[in-house]
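First the proteins, then the strands, lettered A, B, ... as listed; each starts at 1. Just so it is clear, the model here is predicted, and its values are computed rather than measured.
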There are 2 protein chains.
Amino acid sequence: MFSKATEYALRATIFIAQKGTEDNKIGIGEISKAIDSPPSFTAKILQALRKNNKIIRSVSGPNGGFYMTEKTRKLPVRAILEAMGENEMLDKCVLGLAKCSETKPCPMHSKYKIIKEQLIELFETKTIQHLADDTKNGDVFINNKSK
Amino acid sequence: MFSKATEYALRATIFIAQKGTEDNKIGIGEISKAIDSPPSFTAKILQALRKNNKIIRSVSGPNGGFYMTEKTRKLPVRAILEAMGENEMLDKCVLGLAKCSETKPCPMHSKYKIIKEQLIELFETKTIQHLADDTKNGDVFINNKSK
DNA sequence: ATAATTAAGGATAAATTTGTCCTGAATTAT
DNA sequence: ATAATTCAGGACAAATTTATCCTTAATTAT
Ligand code: FES
Ligand code: FES
């Protein structure tokens with residue numbers, strides 16, 4: 001559904017939302033270990049999240065790392081998708097037409113539209129905080145570790 | 001949602017279903033023009049559809065080209081996805097976990113599951129014939145041409 | 001048989017995505 | 001100030017996807 005980059009962005013943000021505060025910042029090493037992702041690549045992605053939408057913050061130096069504010073924790077998942085340039089995904093035609101639209105629909109459109117609306121609704125109502133809380137509660141996961 | 005290859009596969013198959021019969025085969029030139037796709041690349045994809053699932057047939061030589069039987073026209077869209085190796089897509093986790101499953105779900109899973117089921121239902125109930133018929137009726141499109 | 005036409009198949013190229021590595025800048029502790 | 005730590009940024013490399021081209025094989029018409 002999304003690119004690897006976006007998948008890492010989602011998982012990393014959830015982890016930071018879970019553990020990273022202004023006085024408990026998390027290093028890229030810990031993050032990439034926790035979400036099971038390549039460290040350097042993940043670092044790049046976090047830079048994008050910081051710059052594009054300021055979803056996360058960071059400071060260099062000892063005890064430096066990444067964290068989030070209460071405000072950005074309340075952002076919907078869609079904010080991450082926007083920062084990662086995946087907005088297009090939600091406007092993509094199943095058959096690959098230039099745009100998924102009512103004006104020039106493909107033969108899948110009428111049925112797909114209904115599903116697409118639910119996807120958008122999901123990404124706009126679920127907040128980063130929700131996902132972090134669910135993960136904290138321990139019944140869901142953000143990595144592939146066996147234990 | 002799908003790769004370019006799969007998008008072309010879907011559009012090409014719809015077009016062949018619309019126009020290609022055993023005594024009116026369609027050449028790759030006409031197909032790629034009709035669906036607005038790179039001819040050589042499309043040819044590769046049609047080979048895959050022919051080999052993997054026998055969704056389409058072809059013959060070389062003058063008046064050769066591609067066509068479909070009544071039987072394969074009645075196949076669901078999912079058959080094309082299978083032939084293109086996109087089965088994985090319908091089993092992919094939104095957050096990129098190894099597998100989208102009940103046993104090790106991500107925090108998006110409980111809500112996404114419901115949407116995914118609708119997607120699968122759509123791909124399993126819509127047949128190639130349906131899509132071809134809709135396109136014939138003229139209110140939907142399988143290319144980006146302005147007219 | 002020969003020539004013409006069209007798909008099949010393989011090699012290769014271009015573009016994009018994914019991933020690594022190294023140097024520099026910021027911050028902190030000593 | 002100096003050294004240690006950690007992010008920032010850029011260059012580069014690997015892998016994958018997308019796309020082209022050329023030769024061969026199959027089929028048809030003459
Ligand atoms: S136009 Fe194709 S899915 Fe909407
Ligand atoms: S496990 Fe992530 S979407 Fe199902």
Side-chain angles (χ1 to χ4, degrees), chain A residues 1-13 15-16 19-20 22-52 54-68 83-86 88-89 92 96, chain B residues 1-13 15-16 19-20 22-33 35-52 54-68 84-86 88-89 92 96:
Chain A
M1 164 160 275
F2 298 119
S3 65
K4 286 278 174 199
T6 299
E7 291 172 355
Y8 297 150
L10 289 165
R11 305 219 298 273
T13 306
F15 185 69
I16 295 168
K19 297 220 178 164
E22 181 145 19
D23 34 57
N24 182 33
K25 310 186 197 75
I26 317 179
I28 189 66
E30 189 180 346
I31 293 168
S32 62
K33 202 162 285 178
I35 68 168
D36 211 10
S37 71
S40 298
F41 192 38
T42 309
K44 283 278 153 63
I45 292 159
L46 293 185
Q47 282 175 45
L49 292 177
R50 183 177 58 83
K51 281 185 168 179
N52 299 0
K54 294 174 180 169
I55 290 170
I56 60 173
R57 296 190 178 176
S58 67
V59 280
S60 295
N63 300 313
F66 298 86
Y67 67 101
M68 290 180 78
M84 296 302 294
E86 293 267 17
E88 179 217 17
M89 191 270 144
K92 244 191 117 185
Chain B
M1 165 160 275
F2 298 121
S3 67
K4 286 276 173 203
T6 298
E7 291 172 354
Y8 299 149
L10 290 165
R11 305 218 297 272
T13 306
F15 185 70
I16 295 167
K19 298 221 178 164
E22 181 144 19
D23 34 58
N24 182 35
K25 309 186 199 76
I26 317 178
I28 189 65
E30 188 180 347
I31 294 169
S32 62
K33 203 163 285 180
I35 68 166
D36 209 13
S37 71
S40 299
F41 191 40
T42 308
K44 283 278 152 66
I45 292 160
L46 293 184
Q47 283 175 44
L49 291 177
R50 182 178 58 83
K51 282 183 164 179
N52 299 0
K54 294 175 181 168
I55 291 170
I56 61 173
R57 295 190 180 177
S58 67
V59 278
S60 295
N63 300 313
F66 298 86
Y67 67 101
M68 290 180 78
M84 296 301 294
E86 293 267 15
E88 178 217 17
M89 192 270 147
K92 242 191 118 187

- Atom CZ of A/Arg11 to atom C1' of C/dT18: distance rounded to whole Å? 14 Å
- Inter- and intrachain pairs under side-chain hydrogen bond (donor to acceptor under 3.5 Å, both in side chains), touching residues 35-46 of chain B, at least two apart: B/Ser37-B/Thr42
- Message: Can you give me the first and the last nucleotide of DNA chain D (5' to 3') that has an atom within less than 4.0 angstrom of a non-hydrogen atom in chain B?
- Response: D/dT18 to D/dA29
- Return the set of residues passing side-chain hydrogen bond (donor to acceptor under 3.5 Å, both in side chains) with B/Glu86 (not counting sequence neighbours), or none when no residue passes. B/Ser3, B/Thr6
- Whichever of A/Ala5 and B/Ile26 has the more 5' nearest nucleotide on DNA chain C, that residue is B/Ile26
- Note on the structure: Looking only at heavy atoms, the pair that brings B/Ala12 and B/Ile31 closest together is CB-CG2, 4.0 Å
- Message: Using only atom types and a distance under 3.5 Å, with no angle test, would you say the side chain of A/Asn24 pairs donor to acceptor with the backbone of A/Lys19?
- Response: yes
- Roughly, in whole Å, what's the span from NZ in A/Lys25 to P in C/dA26? 17 Å
- Message: Using a heavy-atom cut-off of 4.0 Å across all strands, would you classify A/Leu46 as base, sugar-phosphate, or nothing?
- Response: nothing
- Query: Tell me: CZ of B/Phe66 to P of C/dT6, nearest whole Å?
  - Reply: 12 Å
Distances under 3.5 Å between protein N/O atoms and the N/O atoms of nucleotides 20-22 of chain C, please, pair by pair.
unit_1 : atom_1 : unit_2  : atom_2 : d
C/dT20 : O4     : A/Lys44 : NZ     : 3.0

- Message: Measure NZ/A/Lys4 against P/C/dG19 and give the value in whole Å, please.
- Response: 7 Å
- In chain order, what residues pass the ring-ring contact (aromatic ring centres under 6.0 Å, His included) check against B/Tyr8, with sequence neighbours excluded? B/Phe41
- When rounded to whole Å, the CD to C1' distance for the pair A/Glu7 and C/dT17 reads 12 Å
- Message: Taking the side chain as everything from C-beta on, heavy atoms only, tell me whether B/Met84 gets closer than 4.5 Å to B/Leu10.
- Response: no
- Message: Rounded to whole Å, how long is the line connecting atom CD of B/Gln47 with atom C1' of C/dT6?
- Response: 12 Å
- Item | Residues forming a ring-ring contact (aromatic ring centres under 6.0 Å, His included) with A/Tyr67, sequence neighbours excluded | none
- Between A/Tyr8 and C/dT18, is there a side-chain N or O to OP1/OP2 distance below 4.0 Å? no
- Note on the structure: For B/Lys92, the side-chain hydrogen bond (donor to acceptor under 3.5 Å, both in side chains) test, sequence neighbours excluded, returns A/Glu7
Using a 3.5 Å cut-off and no angle test, enumerate the donor-acceptor pairs between side-chain atoms of residues 55-64 of chain B and protein atoms at least two apart in sequence or in another chain.
none

- Message: Categorize B/Arg50 for me: base, sugar-phosphate, or nothing, with a 4.0 angstrom heavy-atom threshold over every strand shown.
- Response: sugar-phosphate
- Determine: side-chain N/O of B/Ser58 to OP1/OP2 of C/dA8, distance under 4.0 Å, yes or no. yes
- Excluding sequence neighbours, so at least two apart, what forms salt bridge (charged side-chain N to carboxylate O under 4.0 Å, His left out) with B/Lys25? none
- Query: Given atom CD1 of B/Ile28 and atom P of C/dA8, what is their separation to the nearest angstrom?
  - Reply: 9 Å
- Query: Relative to the 5' end of DNA chain D, which residue comes earlier, B/Val59 or A/Ser60, by the nucleotide with the nearest heavy atom?
  - Reply: A/Ser60
- Select base, sugar-phosphate, or nothing to describe what B/Gly29 touches, counting heavy atoms under 4.0 Å on all strands. nothing
- Item | Nucleotide C/dG10, atom C1' - distance to NZ of B/Lys51 in whole Å | 11 Å
